[in-house]
Amino acid sequence: MKLRDLALHYVGRYATSRKKLSDYLKRKMRERGWEGENPADLEGLIADFVRLGYIDDAAFAAARARTMAARGLGQRRVNEDLRAKGISEADAGDAQAESAAQKWQSAERFAQRKRIGPYANEPASEEQRRKQFSAFLRAGHDFEIARKFVAALPGEDLEAD
């Protein structure tokens with residue numbers, strides 16, 4: 001199978017970024033052994049795919065940020081994920097801004113999923129609150145938002161800042 005065919009199959013099946021496609025193609029070349037006389041022009045192939053609109057790092061970043069926010073993950077976690085996926089700061093800008101704007105709603109979804117604070121069935125013990133607070137921070141939420149949700153009593157209405 002040709003390298004271009006592999007790339008087309010991959011972008012047709014998965015939402016991807018430049019870096020992810022490059023990593024995939026390098027892995028496939030390593031696994032199958034490159035048979036061509038000349039080294040493969042991965043950058044040229046990826047540039048063609050970008051030009052044709054098959055790959056759009058900004059759209060990928062926005063979709064990824066929305067998905068993560070829907071799962072209740074915070075802005076810091078979204079930023080780390082985009083950086084790990086090889087999304088440049090320029091392409092990640094809109095996604096990061098949207099993530100920042102949705103930080104309260106994302107934290108609320110996280111609290112609902114984990115039954116923390118106002119979404120708990122009963123007040124948490126001190127040990128449970130420490131664990132819940134740590135979970136909020138690992139999920140990428142900032143200190144103040146985590147503190148508000150963890151300190152809230154079951155059924156309490158919280159207001160966004």
Side-chain angles (χ1 to χ4, degrees), residues 7-27 42-43 45-161:
L8 278 171
H9 177 74
Y10 189 77
V11 299
R13 186 167 180 160
Y14 304 105
T16 190
S17 67
R18 291 176 186 152
K19 181 183 182 310
K20 283 182 66 174
L21 179 60
S22 176
D23 291 347
Y24 170 77
L25 292 174
K26 287 175 185 174
R27 181 174 54 85
L42 289 181
E43 293 306 315
L45 179 61
I46 292 170
D48 285 346
F49 277 34
V50 169
R51 183 179 49 77
L52 293 169
Y54 299 158
I55 299 174
D56 184 350
D57 281 359
F60 175 81
R64 185 80 179 150
R66 277 192 300 276
T67 299
M68 292 180 77
R71 288 179 35 218
L73 299 176
Q75 182 180 4
R76 185 175 35 83
R77 184 83 177 267
V78 170
N79 294 344
E80 289 171 5
D81 183 72
L82 295 178
R83 196 172 15 265
K85 300 281 188 226
I87 305 298
S88 70
E89 287 295 320
D91 288 332
D94 289 342
Q96 290 171 337
E98 185 177 335
S99 177
Q102 297 291 322
K103 67 182 182 180
W104 182 265
Q105 292 84 352
S106 179
E108 192 167 35
R109 280 187 214 100
F110 184 78
Q112 287 172 337
R113 267 189 40 227
K114 299 293 183 176
R115 298 178 190 262
I116 295 174
Y119 303 102
N121 294 328
E122 58 188 44
S125 68
E126 188 61 35
E127 178 64 24
Q128 287 173 319
R129 282 198 300 272
R130 275 196 295 277
K131 288 180 179 182
Q132 291 170 348
F133 186 75
S134 294
F136 254 98
L137 295 180
R138 282 191 309 274
H141 297 287
D142 67 33
F143 183 86
E144 282 303 313
I145 288 178
R147 186 187 58 74
K148 285 180 182 178
F149 275 97
V150 170
L153 296 173
E156 186 178 333
D157 284 333
L158 295 179
E159 295 291 326
D161 293 338

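Computed from heavy atoms alone, side chains included, the values below leave out hydrogens, waters and symmetry copies.
- R64 has a carboxylate O that lies under 4.0 Å from a charged side-chain N of D81, or vice versa, which qualifies the two as a salt bridge.
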- For R77 and E80, run salt bridge (Lys or Arg N to Asp or Glu O under 4.0 Å): C-alpha distance rounded to whole Å, both residues' side-chain angles, the deciding distance at 0.1 Å, then the answer. CA-CA 5 Å; R77 184 83 177 267; E80 289 171 5; 5.3 Å; no
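- Ion pair R147/E144 flagged as a salt bridge, since at least one NZ, NE, NH1 or NH2 atom sits closer than 4.0 Å to an Asp/Glu carboxylate oxygen.
- For the pair R13 and V11, the minimum side-chain heavy-atom distance is 4.5 Å or more.
- A distance of 7.5 Å separates OH of Y14 from OH of Y24, quoted to the nearest 0.5 Å.
- Of the inter-residue distances, the one linking L25 atom CG with Y10 atom OH reads 9.0 Å to the nearest 0.5 angstrom.
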Side-chain donor/acceptor pairs under 3.5 Å, residues 90-102, sequence neighbours excluded:
unit_1, atom_1, unit_2, atom_2, d
D91, OD2, S88, OG, 3.3
Q96, NE2, N79, OD1, 3.4

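- Residues D142 and K103 are in side-chain contact: their nearest non-hydrogen atoms beyond the backbone lie under 4.5 Å apart.
- In this structure, D23 does not pair ionically with R27, as no charged nitrogen and carboxylate oxygen lie closer than 4.0 Å.
- By the 4.5 Å heavy-atom criterion applied to side chains, F133 and Q128 are not counted as neighbours.
- Taking CD1 from I46 and CZ from F49, the interatomic distance works out to 9.0 Å, rounded to the nearest 0.5 Å.
- A pairwise comparison of heavy atoms in S22 and E43 identifies OG-OE2, 4.4 Å as the closest pair.
- The pair E126-R129 counts as a salt bridge, with a side-chain nitrogen and a carboxylate oxygen less than 4.0 angstrom apart.
- A distance of 11.0 Å separates NE2 in H141 from CH2 in W104, rounded to the nearest 0.5 Å.
- Of the possible donor and acceptor atoms, none in the side chain of D56 sits under 3.5 Å from a partner among the backbone N and O of V50.
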With a 3.5 Å cut-off and sequence neighbours excluded, list the donor-acceptor pairs that the side chains of residues 112-124 form with protein atoms.
unit_1, atom_1, unit_2, atom_2, d
R113, NH1, R71, O, 2.0
Y119, OH, E108, OE2, 2.8

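- Residues L42 and K26 come closest through the heavy atom pair CD1-CG, 3.5 Å.
- Taking the six-membered ring wherever Trp is involved, the centroid distance between the rings of F149 and F110 does not fall below 6.0 Å.
- Under the 3.5 Å distance criterion, the side-chain polar atoms of S106 are matched with a main-chain donor or acceptor of L73.
- Of all heavy-atom pairs spanning I55 and T16, the tightest one is CG2-O, 4.0 Å.
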